[in-house]
Amino acid sequence: MDTTTALLIFHRLVAIYPHTETHFLGFTNPFECLILTILSAQTTDATVNRIAPALFERYPTAEDLAAADPAELEEIIRPTGFYHAKGKNIIGAAAALIARYNGGVPDRMDDLITLPGVGRKTANIVLHHAFGINAGVAVDTHVRRLSQRIGLSETADPEKIERDLMALYPQELWGEITYVLIRHGREVCSARKPACPSCLISNICRYPGKTCEATAKKT
DNA sequence: CTCCCGATAT
DNA sequence: ATATCAGGAG
């Protein structure tokens with residue numbers, strides 16, 4: 001994939017998905033952004049947003065969450081799945097914020113990925129949406145799937161895909177490219193039933209005619 | 001590589 | 001009934 005084609009894809013998608021809010025989770029500060037993004041692993045944002053009000057009403061700050069009773073916390077976050085691991089992670093992350101970052105959320109990749117439950121994807125989301133920093137490209141399941149289908153990257157390894165996207169796009173677009181790829185992945189280029197006929201970048205995509213049509217014809 | 005795990009779409 | 005969902009840890 002060449003840079004010119006990659007930029008064309010980006011501009012087509014931005015035209016389809018104009019946005020003022022570039023996130024899908026209902027957070028109001030960096031702490032809430034961090035916690036909700038950890039909880040969003042392998043879970044739809046709708047499910048996360050549904051439990052968010054109860055979660056932050058019970059635990060408004062890192063101090064409150066660090067002192068949470070695990071069983072009580074698990075009951076609140078259970079609908080998001082992986083609730084035992086996630087509960088342990090967000091209590092641990094809150095405790096780390098208190099112990100090492102004066103109760104605040106660090107704004108550097110190296111610090112964020114030391115927090116339990118936080119990898120590069122979650123760290124990139126927090127950096128971009130809570131601090132406006134484009135340290136890298138967040139590669140989630142949608143970004144990975146679309147990158148492979150469109151041909152933005154040839155690998156299935158999220159870290160390699162991130163490097164490919166960082167090489168293809170200027171740094172100021174690293175946050176937005178994640179947003180438009182996820183949006184397109186949800187609304188058109190879905191995992192099971194991609195709507196290739198109504199896709200406005202299908203003429204660029206190498207995917208139609210392969211798995212795309214085969215998947216679509218199954219129904 | 002497996003495991004974590006409930007909600008939702010197909 | 002099964003694949004998938006704003007992944008990460010062991």
Side-chain angles (χ1 to χ4, degrees), chain A residues 13 17 19 21-27 30 32-52 54-55 70-71 73-96 109-131 134-149 155-162 165 174-196 211-219:
Chain A
L13 294 178
Y17 309 112
H19 52 280
E21 296 287 333
T22 60
H23 61 265
F24 304 108
L25 298 173
F27 55 86
E32 293 184 1
C33 179
L34 172 67
I35 300 306
L36 293 187
T37 307
I38 293 174
L39 293 178
S40 72
Q42 291 292 298
T43 309
T44 60
D45 56 292
T47 301
V48 175
N49 288 332
R50 190 182 317 142
I51 62 93
L55 178 65
L73 175 62
E74 286 179 11
E75 188 174 340
I76 296 174
I77 68 173
R78 180 167 299 130
T80 68
F82 301 145
Y83 58 87
H84 187 67
K86 286 178 179 177
K88 184 180 177 182
N89 283 338
I90 62 177
I91 288 176
M109 172 65 71
D110 290 345
D111 291 323
L112 283 168
I113 61 177
T114 68
L115 302 174
V118 179
R120 287 194 61 86
K121 179 266 172 181
T122 297
N124 275 320
I125 293 294
V126 171
L127 286 169
H128 182 69
H129 295 305
F131 300 112
N134 288 323
V137 176
V139 179
D140 74 331
T141 182
H142 292 295
V143 174
R144 183 180 63 198
R145 184 178 69 255
L146 267 68
S147 294
Q148 290 190 275
R149 287 180 177 176
T155 176
D157 178 9
E159 292 197 11
K160 292 180 181 176
I161 292 174
E162 181 179 3
L165 293 176
W174 289 354
E176 286 184 74
I177 188 63
T178 292
Y179 173 81
V180 296
L181 287 177
I182 293 176
R183 187 79 186 276
H184 194 60
R186 289 174 54 163
E187 301 187 11
V188 178
C189 192
S190 59
R192 302 199 214 184
K193 190 181 174 186
C196 300
T211 314
C212 186
E213 288 187 355
T215 304
K217 284 179 180 176
K218 284 183 179 178
T219 54

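Note on naming: letters A, B, ... go to the chains in the order of the sequence lines (proteins, then strands), and numbering restarts at 1 for each one. Just so we're clear, the structure is a prediction, and the values are computed from it rather than from any experiment.
- Counting only heavy atoms from C-beta on, A:H129 has its side chain closest to C:dA6 among B:dA7, C:dA6, C:dG7.
- With values rounded to the nearest 0.5 angstrom, A:Y17 atom OH is found 12.0 Å from A:I182 atom CD1.
- Judged by distance alone, the side chain of A:N124 and the main-chain N or O of A:V137 form a donor-acceptor pair under 3.5 Å.
- Atom CG of residue A:D140 and atom CG of residue A:L146 lie 9.5 Å apart, to the nearest 0.5 angstrom.
- C:dA9 and B:dA7 are spaced 24 Å apart, taking the P atom of each and rounding to whole Å.
- Rounded to an integer number of Å, the gap from A:K121 NZ to C:dA9 C1' is 16 Å.
- Where A:K88 and A:S190 meet DNA chain C, the nucleotide closest to each residue was compared, and A:S190 sits on the side nearer the 5' end.
- Between A:I161 atom CD1 and C:dG7 atom C1' the separation is 13 Å, expressed in whole Å.
- Within a heavy-atom distance below 4.0 Å of DNA chain B, the residues of residues 77-86 of chain A found are A:R78, A:P79, A:G81, A:F82, A:Y83, A:H84, A:A85.
- If you measure from atom CG of A:L36 to atom C1' of C:dC5, you get 16 Å, rounded to the nearest angstrom.
- Between C:dC5 and A:T141, a contact under 4.0 Å exists linking OP1 or OP2 to a side-chain N or O.
- Across A:L115 and A:A96, no two heavy atoms sit closer than the pair CD2-CB, 3.6 Å.
- Note: A:L25 CG to A:I35 CD1 = 12.0 Å, rounded to the nearest 0.5 Å.
- Taking 4.0 angstrom as the limit, A:R144 places none of its side-chain polar atoms (N or O) nearer than this to OP1 or OP2 of C:dT4.
- Atom CD of A:E187 is surrounded by more than 12 heavy atoms from other residues, nucleotides or ligands within 6.0 Å.
- Atom CD1 of A:I90 is separated from atom P of C:dG7 by 16 Å (rounded to the nearest Å).
- For B:dT8 and C:dG8, the P atoms lie 23 Å apart once the distance is rounded to whole Å.
- A:V118 comes within contact range of the sugar-phosphate backbone alone, with a heavy-atom separation under 4.0 Å but no base atom that close.
- Between A:T122 and the phosphate of C:dG8, there is a side-chain N or O to OP1/OP2 separation shorter than 4.0 Å.
- Following rounding to the nearest Å, A:I51 (CD1) and B:dA7 (P) show an atom-to-atom distance of 12 Å.
- Straight-line distance from the CG atom of A:L112 to the P atom of C:dG8: 11 Å, rounded to whole Å.
- Checking B:dT8, C:dA6, C:dT4 against the side-chain heavy atoms of A:R50 singles out B:dT8 as nearest.
- Using a 30° and 60° split on the angle between ring planes, A:H129 and A:H23 fall in the perpendicular class, above 60°.
- Set against B:dA7, C:dG7, C:dA6, the side chain of A:R186 has C:dA6 as its closest nucleotide.
- When atom types are taken as modelled, the side chain of A:T155 and the backbone of A:K160 share no donor-acceptor pair closer than 3.5 angstrom.
- The closest donor-acceptor contact from the side chain of A:R145 to the backbone of A:G185 lies under 3.5 Å.
- For C:dC5 and B:dC4, the C1' atoms lie 14 Å apart once the distance is rounded to whole Å.
- Phosphate proximity of C:dA6 to A:R183: absent, as no side-chain N or O sits under 4.0 Å from OP1 or OP2.
- A:L39 places its CG atom 18 Å from the P atom of B:dC4, with the value rounded to the nearest Å.
- For B:dC5 and C:dT2, the P atoms lie 22 Å apart once the distance is rounded to whole Å.
- The NE2 atom of A:H184 sits 18 Å away from the C1' atom of C:dC5 (whole-angstrom rounding).
- Nucleic acid contact class of A:L115 (heavy atoms, under 4.0 Å, all strands): sugar-phosphate only.
- Residue contacts shown for A:L25 include a base, since a base heavy atom lies under 4.0 Å away.
- Side-chain proximity of A:Q42 to the nucleotides C:dG7, C:dA6, B:dA7 is greatest for C:dG7.
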